[in-house]
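Notes follow the structure.
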Amino acid sequence: MQDDFAHLPWLSRTERGLCVESIALTDIAAQHGTPAWVYSKQALSKHWQAFADALSGRKALICYAMKANPNLSILRFFAEAGAGFDIVSGGELARVLQAGGSASTIVFSGVGKRRDEIRDALTAGVKCFNVESAAELRRIGAIAADLGLRAPISLRVNPDVDAKSHPYISTGLKENKFGIAHQEALALYREAAKHPGLKVVGIDCHIGSQITDMPPFMAALEKLLELIEQLHSQGIALSHLDLGGGLGIRYTDEDPPSPAAFMQSIVDRIERHPQAREMELIFEFGRALVGNAGLLLTRLEYVKQNGDRLFAVVDAAMNDLIRPALYEGYHPIIEVHPTTGEPKLYDVVGPVCESGDWLGKARSLRLGVEDDLLAILSAGAYGMAMSSNYNARPRAIELLVDGTSLRVIRERETVASLWQSEV
Ligand SMILES: *Cc1c(COP(=O)(O)O)cnc(C)c1O
């Protein structure tokens, strides 16, 4: 199968080879080296605008789930666009503030919030804590009361629906560590409503990632709507409904609902619910905003044959992009300048000393013997964000293309910086 990229309009083939907007990847490699993360501002804008348009005229907040790609320039783009942020750590809180984001747009998720993280988020004035357990609820309440504050909270309900994505990225089943069981939520809300350190403001869920059809979202929404009604009947009013993120993207042949179709289904259902129709709608999208706005540019080092397998050894590796190794994630891999001649099937692998260090298997490519450039597509989300220094490999440079302009948004790490804080 040939990887195509018709769904990535910011990527094109020209006589200069593959281009991101108006910049040739060959020029990027010559100027900045490889491996390199290359993002398209046009793509970021387009993805953001599709969600913003789909919700225009509604009381809504689209949060960027920043763990997908936490580069300061990407955060600043979303802050300026009017996004809120979904954070999962104190480090992420600091990053948003550093990028110029406002705490009042932040929802704080995560199962293991530490005391210092809770304190920092409270004093910064986050919009809401998405609470994941009874113990966390009590801890937040106690800290807030100590500080003379009331913590805005929402319970992250585990709706026990199967998102049908990879087991490592499904979060809404009762056997997952995330959220509060649906049947326990009611009692906890009652407890929170009476607590002097807590202010009940919302309800939320997040059922997983890379979900490519509507039924899991609609099933989760039904569970939340049911709870909203029960809470209402007990005099507990909520001001927002947060459906989390998880909307999938096209990596190869997936066909996820468009932002417009996704929102249409959600809003249609909510409009028929007496309480939910009045509530602010919140979403926490990561992958759907940035996944298809970036690629990883890499260079072919060697071609080698072992038995009947042909390997393309490239200079990017699992330490850069771990999704293939971690959840058998598929990323299209295409040539920047295909050679003439018949395509062959290659396993595209990195130099790291692990058999799990592969980026693509049995990919049809037209390659020379070395130095060809390859683009690993759909790498804008959970790419650089999950990279490491394994094998003493400095993390790659990040670049943002905007039309004819190219900006370095993170320098390549130097080898010396890797041991800077060691003795
Ligand atoms: C990771 C995460 C998201 C974003 O998931 P995507 O699949 O990237 O949209 C949203 N909310 C929470 C709580 C998360 O942990």
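In listed order, ligands and their atoms are each counted from 1. Because only heavy atoms are used, hydrogens play no part in the values below, and waters and symmetry mates are left out as well, while side chains stay in.
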Quiz item: Closest non-hydrogen protein atom to atom 4 (C) of ligand 1, residue and atom name please, with distance?
Solution: A65 CB, 3.3 Å
Exercise. Find the distance between NZ (K113) and OG (S89) and round it off to the nearest 0.5 Å.
Key: 11.0 Å
Self-check item: ligand 1-proximal atoms of S109, by part, heavy-atom distance under 4.0 Å
Solution: side chain
Practice problem: Can you pull out the closest protein heavy atom to atom 11 (N) of ligand 1? Residue, atom name and distance to 0.1 Å, please. | Solution: E284 OE1, 2.6 Å
Quiz prompt | Polar contact flag for G286 and ligand 1 (N/O pairs, less than 3.5 Å) | solution = yes
Quiz item: Taking 4.0 angstrom as the limit, do R156 and E136 come out as a salt bridge?
Solution: no
Practice problem: May I ask you to check whether D315 and T298 show a side-chain donor-acceptor distance below 3.5 Å? | Solution: yes
Quiz item: By number and element, which atoms of ligand 1 are closer than 4.0 Å to a non-hydrogen atom of R156?
Solution: 13 (C)
Self-check item: Heavy-atom pair with the smallest gap, counting every atom of K46 and P9
Solution: NZ-CG, 4.0 Å
Self-check item: Any N/O pair G246/ligand 1 closer than 3.5 Å
Solution: yes
Quiz item: If you count the atoms of ligand 1 from 1 in the order shown, which ones are under 4.0 Å from a heavy atom of R287?
Solution: 6 (P), 8 (O), 9 (O)
Practice problem: Please write down residue, atom name and distance for the protein heavy atom closest to atom 1 (C) of ligand 1. | Solution: K67 NZ, 1.3 Å
Self-check item: Nearest protein heavy atom with distance in Å, relative to atom 8 (O) of ligand 1
Solution: Y382 OH, 2.6 Å
Quiz item: Considering only heavy atoms of F285, which atoms of ligand 1 have at least one such atom less than 4.0 Å away?
Solution: 9 (O)
Quiz item: What protein heavy atom is closest to atom 7 (O) of ligand 1, reported as residue, atom name and distance in Å?
Solution: S209 OG, 2.3 Å
Self-check item: Audit row: L359, H331, side-chain contact (heavy atoms from CB on, under 4.5 Å) steps and yes/no
Solution: CA-CA 8 Å; L359 298 163; H331 291 265; over 6 Å; no
Quiz item: Going from CG on N130 to NE2 on H206, what distance comes out if it is rounded to the nearest 0.5 angstrom?
Solution: 11.0 Å
Exercise. For the pair E222 and R269, evaluate side-chain contact (heavy atoms from CB on, under 4.5 Å) and give the outcome as yes or no after the intermediate values.
Key: CA-CA 9 Å; E222 274 322 309; R269 176 64 190 98; 2.5 Å; yes
